[in-house]
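Worksheet: one structure, shown below.
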Amino acid sequence: MTSNSQNIRRVGVVGSGLMGSGIAEVCARKGLETLVYDVSDAALEAGRSRITHSLTRALERGKLTAEDHATALAALAFTTDLADFADRDLVIEAAPEDESLKTNIFATLDQVVLRPDALFASNTSSIPIMKLGAATSRPEQVMGLHFFNPVPVLNLVELVPSLVTSDMAWERMRHFAAHVLGKHVIVSQDRAGFVVNSLLIPYLLAAIRMFESGFAVAPDIDEGMVRGCAHPMGPLALADHIGLDTTLAVAQSLYDEFKEPLYAPPPLLSRMVEAGHLGRKTGKGFYPYPPAAQ
Ligand SMILES: NC(=O)c1ccc[n+]([C@@H]2O[C@H](COP(=O)([O-])OP(=O)(O)OC[C@H]3O[C@@H](n4cnc5c(N)ncnc54)[C@H](O)[C@@H]3O)[C@@H](O)[C@H]2O)c1
């Protein structure tokens, strides 16, 4: 399989939010030509500044040499035109967790990406990969590649083939994730939530229900898990970190798929999202965040 991922040199990343910017950063750090798309100049600028800030911090902390820092910056380019993805070998989609939005993106990618052997991946947390693949004329080249936040720090990816992903595409992607990006790869069947979110989301929802019912205050719920179970972060702080809109969307997809009450989003989570209290990224969730901490 030596040549499998060596022909992946040009990567496209769709969406430059929390995850897209992290995915673009790890690709650029490996010297891959990385083109980042977002819907507006403002969104793209926010993504660009998140990536450069993160690269500078890595340089200052000695986690990146000056040469690798320069290589990463030189490898990055930005666009608001998806047609610029024509020559990409691999496109990784990291747009908001919304099924119709993502299927539209995959249908468009199918039109604009000209390389017949290009691979398409989604960073979706919960939307069936088969639905995204079915929006293209090449579903055998589509799979899930689910990263974790912050992408440059957490070294896991979940690799999710759909029912029709080809062995060749799967193996190229596995080789790319493991040997080019250097991530630890676990494999999940194409079920909403995959391995990690199927286990994590019921836990986060249970903490939100506990807070909602007045059972305990937020810091005590979080400290309980940090000090009592040695978790690095409590569940409410973690939900703020993931984004409450993303947490809600993933819970909704899990509930739609399995119809299990443990996946049903608590009303407080829905109200907070409707209020725009999305956690760290908007400065307010279960806790307040000063701009510098977002
Ligand atoms: N937040 C997490 O911890 C986490 C972890 C793993 C996977 N994910 C998944 O990654 C994906 C992105 O999540 P995020 O946390 O980065 O969200 P985010 O809200 O931070 O970023 C989404 C980005 O997509 C852009 N966007 C909006 N409409 C678009 C469109 N039509 N086409 C392309 N881009 C568009 C937005 O401008 C924004 O920059 C979701 O599918 C989410 O489930 C999130």
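All values reported here derive from a predicted model rather than from experimental measurement. Whatever order the structure lists them in is the order used to number ligands and atoms, beginning at 1.
Taking the six-membered ring where the residue is Trp, His179 and His175 present tilted rings, their angle falling between 30° and 60°.
In this structure, Val91 shares a hydrophobic cluster with Val14, Leu35, Tyr37, Val39, Leu82, Phe85, Leu101, Ile105, Phe106, Leu109, Val112, Val113, Phe120, Ile127, Ile129, Leu132, Val142, Val160, Phe194, the cluster being traced through Ile, Leu, Val, Met, Phe, Trp and Tyr side chains under 4.5 angstrom apart.
Between Lys284 and Asp240 there is no salt bridge, since none of the side-chain N atoms of the basic residue sits less than 4.0 Å from a carboxylate O of the acidic one.
Around CG of Leu154, the count of heavy atoms belonging to other residues, nucleotides or ligands within 6.0 Å exceeds 12. Atom NZ of Lys183 has more than 12 neighbouring heavy atoms from other residues, nucleotides or ligands inside a 6.0 Å radius. When the shell of 6.0 Å around CD of Gln189 is examined, it contains 12 or fewer heavy atoms from other residues, nucleotides or ligands.
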Output block, N or O contacts of ligand 1, threshold 3.5 Å exclusive:
residue, atom, partner, partner atom, Å
ligand 1, 1 (N), Ile242, O, 2.9
ligand 1, 8 (N), Ser125, OG, 3.3
ligand 1, 10 (O), Asn123, ND2, 2.9
ligand 1, 16 (O), Leu18, N, 3.3
ligand 1, 16 (O), Met19, N, 2.8
ligand 1, 19 (O), Lys281, NZ, 3.3
ligand 1, 20 (O), Leu18, N, 2.9
ligand 1, 37 (O), Asp38, OD1, 2.8
ligand 1, 37 (O), Asp38, OD2, 3.4
ligand 1, 39 (O), Gly17, N, 3.3
ligand 1, 39 (O), Asp38, OD2, 2.6
ligand 1, 41 (O), Ala95, O, 3.3
ligand 1, 41 (O), Glu97, OE1, 2.5
ligand 1, 41 (O), Lys102, NZ, 2.8
ligand 1, 43 (O), Glu97, OE1, 2.9
ligand 1, 43 (O), Ser125, OG, 2.7

